[in-house]
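In each ligand, atom 1 is the first atom listed, and ligand 1 is the first ligand listed. Heavy-atom basis, side chains included; hydrogens, waters and symmetry copies ignored.
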Amino acid sequence: MSTTTPRYGALAGITSAAVAIGVAEAVAVLTGPRSAPLVAVGGVVVDTVPEPLKQFAIDVFGTYDKIALLIGTAVLLAAIAGLLGVLSVRRLAVGLAGVAAFGALGVAAAVTRAGADAADALPSLVGAGFGALVLWAFIAGPLELDPWPWSPPSGQLPSTSPGGPGGASRTPPAEPSAVPAPAPLERTDPESRRRFLTGTGVLLGTAAVAGFGGRWLAGRRGVSAAREAVVLPAPAAPAPAVPAGADLSLPQLDPYVSSNFGFYRIDTALVVPQVDPESWRLRIHGRVRNPITLSFADLLARPMVERYVTLACVSNEVGGDLIGNARWLGVPIRDLLDEVEPEEGADQVVGRSVDGWTCGTPTAALRDGRDALLAVGMNGEPLPVEHGFPVRMVVPGLYGYVSACKWVTELELTSFADFDAYWVPRGWSPQGPIKTQSRIDTPRPRNRLTAGPVMVAGVAWAQHRGIRRVEVRVDDDPWQEAELAPTVSVDTWVQWSWRWEATPGTHRLQVRATDATGETQTDRRQDVVPDGATGWHTIRVTVR
Ligand SMILES: Nc1nc2c(c(=O)[nH]1)N[C@H]1C(S)=C(S)[C@@H](COP(=O)(O)O)O[C@H]1N2
Ligand SMILES: [Mo]
C-alpha cells in the first residue's frame, strides 16, 4: 500500500491518462490521425451506437456531434482514470491493469478500422506504456508521497489518555478517532507533496504539448497544400447560368447557391480523411466485364460537366437545414459505367470511401441520363477536404446516404440482394429517393412582426422531379399559391415567396409543395428513419 492518499491517487490517475493520450497523439503523427486512441475508439462508437442515440446526438449537437463525442469521451476517461488512480493507492496492480485494458481497447479499435495496418497499434501501445510508467512513478516510484517525517509509525500513536487504568471517572478508552488524527493531507511530507504537484504540472503540460502539438503537426501533414495546387479543367459542358431572380436575396432566406463554407456537413468521419490526389485511385470493379482503375490525372483528362445539384440529408427534419445547393464539376458516372460494362443483375453500385464508409446507389439511377457525377469541383474550387477531396459522388434526386460518397476510392457493381451499405443494417432503407419537401425560412418564430404586409418565403425541393407548386396556409384559411422563383433545373431547390397581409395575434403558418409529377407532399408526420421525414413545415408567429 502506498503512502499516497486517495485524493492524490485520483490526480495521479488523471495525469497518467493525460500523458497516455498526449503521447499517443504524438505517435499518431507518424501513423496517421485515425490511429490515435480517442479517434479510433470514437470511430468504433460512431459505427456501433444504436441508431436512436446517434440520431439524438445529431438532433442535440447537430454538426457539432463529433466534438461533443470527443469531449464526452475525454470526460468519461478522466473519471475512470481518477477512479483507477484511487484504487492504485491500495493496489498498484489494479491501476496498471486498467491502463493495460485501455491500451488494449485503443489497439483493438485502431487496427480494426478500414485500411488499418499493424503500425496503427503503436499510438495506443506507446501511450499505455507511458501512462503505466507515470502511474507507477506517482504511486510507488520516485514521485510517491513520503510520510510526514516526524509522525511516528502507524499503530504507535502516542497515548493521550489522561489517567491510568481503573480510574472511576475515566473517559472511555481512547479510540483512534478520539485522537485529533492528522488530516490525511498532513500525514505526508510537504517536500514530497511539492515534488508530486510539480510532477503533475510538468507531466500535464507535457501531455498537452504532445497532444495538441501532435494534432497540429498531423494537420500540417494534411492535403490542403495538395488541394490548393489542383487546377480544375474547364468544363466541356458548363452549368447553365443561374436565371435572374432565382435568388430572392431576402434576409433569413437561404441563398440559392450555398457557399462551400456554409454547406452542411454530415459524415461518420471523426477526423477528415486526407487523401493525396497523387496516390488516389478509383477502382471500378465487381460484376463488370472490364474493370478499370483511374488516377486523378486520368479523371481530370476526361470531359467534365458542371451542374447545379441540391444535396439533401435523409436525417433532415421537416424544417431542417441539412440541405445545400452547389455547382459541381465532374465526370458523368454513366460514361464510366458504360466502359466497365456492368453485368446483368448488378443493380447496385457501391461507392466505397477511403475510410470504409459505403453507400449503395441503384445502377439504374446512374445510367438513366441524370447528371450523376464523380465530382472534383464545388462552386469553382477543388472539393473542400471535408466535402470529399479529391473526389466524391453527386447524384441528383437521391439522399446523400445512398449516393454522395465522399473521398470515394471504389465503385463496386453488385446487387442489393448481395450487399448492404453502411446505413442499411443500422435501420435505414436501402432505397433513398429524396422526398418532396418545403420549408419556411422567413419569418422565423421569434421575429417581431407588425400587422400589414409580411413577406413569407422559403425553399422547396423535389430533386430530379422538380417543383410545380408551393402553397402557404395561415391558420385554417384556404391554401394560397406562392410565387416560384426561376430555377436552373429540376435538380435544384427553388425559392418561393408569398405576401401576407398579417393581422394582429398569434398565427400558424404552413407550407406544402407539389412536385412536377403532380404529387403534393403529405401532411402525415414521419420521422427521418428509415427513408426521410414527411409532414408540413409549420411555424407559429405573433403579430402586433
Ligand atoms: N465517406 C463518406 N461519405 C459520405 C458520408 C459519410 O459518412 N462518409 N455521409 C453521406 C451523407 S449521409 C450525406 S447527407 C452527404 C453529405 O455531404 P456533405 O457533407 O458534403 O454535405 O455525404 C454522404 N457521403
Ligand atoms: Mo445524410
Side-chain angles (χ1 to χ4, degrees), residues 34 42-43 46-47 49 51 54-55 57-59 62-66 69 113-115 254 257-275 280 282 309-317 320-328 330 349-361 372-379 381-412 421-424 426-435 437 461 463 493 527-533:
R34 289 185 348 115
V46 167
D47 288 354
V49 289
E51 189 42 46
K54 194 173 323 195
Q55 197 54 47
I58 292 178
D59 289 350
T63 314
Y64 298 108
D65 57 344
K66 296 189 189 75
L69 173 70
R113 306 293 293 154
D254 244 9
V257 181
S258 318
S259 70
N260 286 2
F261 178 74
F263 208 92
Y264 81 95
R265 176 188 162 199
I266 291 287
D267 53 62
T268 59
L270 280 176
V271 290
V272 181
Q274 306 287 319
V275 182
W280 177 87
L282 178 74
V309 176
T310 300
L311 282 192
C313 183
V314 69
S315 296
N316 198 28
E317 308 276 351
D321 57 6
L322 299 180
I323 177 165
N325 184 37
R327 178 164 47 95
W328 308 96
V349 176
V350 172
R352 189 168 280 115
S353 161
V354 66
D355 65 2
W357 186 87
T358 52
C359 63
T361 314
L373 300 179
L374 270 179
V376 296
M378 181 176 184
N379 290 328
E381 283 177 30
L383 288 180
V385 181
E386 53 296 356
H387 292 291
F389 180 80
V391 184
R392 75 172 304 167
M393 293 171 65
V394 170
V395 184
L398 304 182
Y399 286 123
Y401 83 106
V402 293
S403 69
C405 190
K406 304 192 275 189
W407 315 288
V408 63
T409 59
E410 261 182 61
L411 298 182
E412 182 181 349
Y422 186 90
W423 285 111
V424 175
R426 293 169 172 82
W428 298 79
S429 165
Q431 302 292 333
I434 295 177
K435 295 178 179 175
Q437 263 299 344
W461 60 90
Q463 286 91 318
W493 59 11
D527 187 28
V528 296
V529 186
D531 60 359

Please write down residue, atom name and distance for the protein heavy atom closest to atom 19 (O) of ligand 1. Lys406 NZ, 2.5 Å

Which of the ligand 1 atoms, numbered from 1, are nearer than 4.0 Å to a heavy atom of Cys313: 14 (S)

Taking both backbone and side-chain atoms of His387, is any N or O found less than 3.5 Å from an N or O belonging to ligand 1? yes

If the contact criterion is a heavy-atom separation under 4.0 Å, does Met393 count as touching ligand 1? no

If I take atom CH2 from residue Trp357 and atom CZ from residue Arg352, how far apart are they, to the nearest 0.5 angstrom? 11.5 Å

Residue, atom name and distance, where the atom is the protein heavy atom closest to atom 9 (N) of ligand 1: Ile266 O, 3.3 Å

Is the closest basic N to carboxylate O distance between Lys406 and Asp267 below 4.0 Å? yes

May I ask you to list the atoms of ligand 1 that are less than 4.0 angstrom from any heavy atom of Ser353? 1 (N)

Using side-chain heavy atoms (C-beta onward) and a distance below 4.5 Å, is Val349 in contact with Glu412? no

Report yes if some heavy atom in the side chain of Leu311 is under 4.5 Å from a heavy atom in the side chain of His387; otherwise report no. no

Protein heavy-atom partner closest to atom 24 (N) of ligand 1 - residue, atom, separation in Å: Ala404 O, 3.0 Å

Can you measure from OH (Tyr401) to SG (Cys313) and round to the nearest 0.5 angstrom? 10.0 Å

Do the non-hydrogen side-chain atoms of Val275 and Phe389 ever get within less than 4.5 Å of each other? no

The criterion is side-chain contact (heavy atoms from CB on, under 4.5 Å); which residues satisfy it with Asn316, sequence neighbours excluded? Leu322, Ile323, Trp461

Any residue meeting side-chain contact (heavy atoms from CB on, under 4.5 Å) with Gln431, in chain and number order, not counting sequence neighbours: Pro362, Phe416, Ser429, Pro433

For the 3.5 Å polar cut-off, considering only N or O atoms, please tell me whether Tyr264 and ligand 1 meet it. yes

Applying a heavy-atom cut-off of 4.0 Å, say which part of Trp357 lies close to ligand 1: side chain, backbone, both or neither. side chain

Can you tell which part of Phe263 has a heavy atom less than 4.0 Å from ligand 1: side chain, backbone, both or neither? side chain

Which label fits Trp428 and Trp423: parallel for a plane angle under 30°, tilted from 30 to 60°, or perpendicular past 60°? perpendicular

Tyr399, portion touching ligand 1 at heavy-atom distance under 4.0 Å: neither

Is the shortest side-chain N to carboxylate O distance from Arg113 to Asp355 below 4.0 Å? no

Top protein contact for atom 17 (O) of ligand 1, by heavy-atom distance: Arg392 NH2, 3.1 Å

Any idea which atoms of ligand 1 are less than 4.0 Å away from a heavy-atom of Tyr401? 11 (C), 12 (S)

What protein heavy atom sits nearest atom 13 (C) of ligand 1, and how far off is it? Gly400 CA, 3.8 Å

With respect to Thr268, determine whether any N or O atom, backbone or side chain, lies less than 3.5 Å from an N or O atom of ligand 1. yes

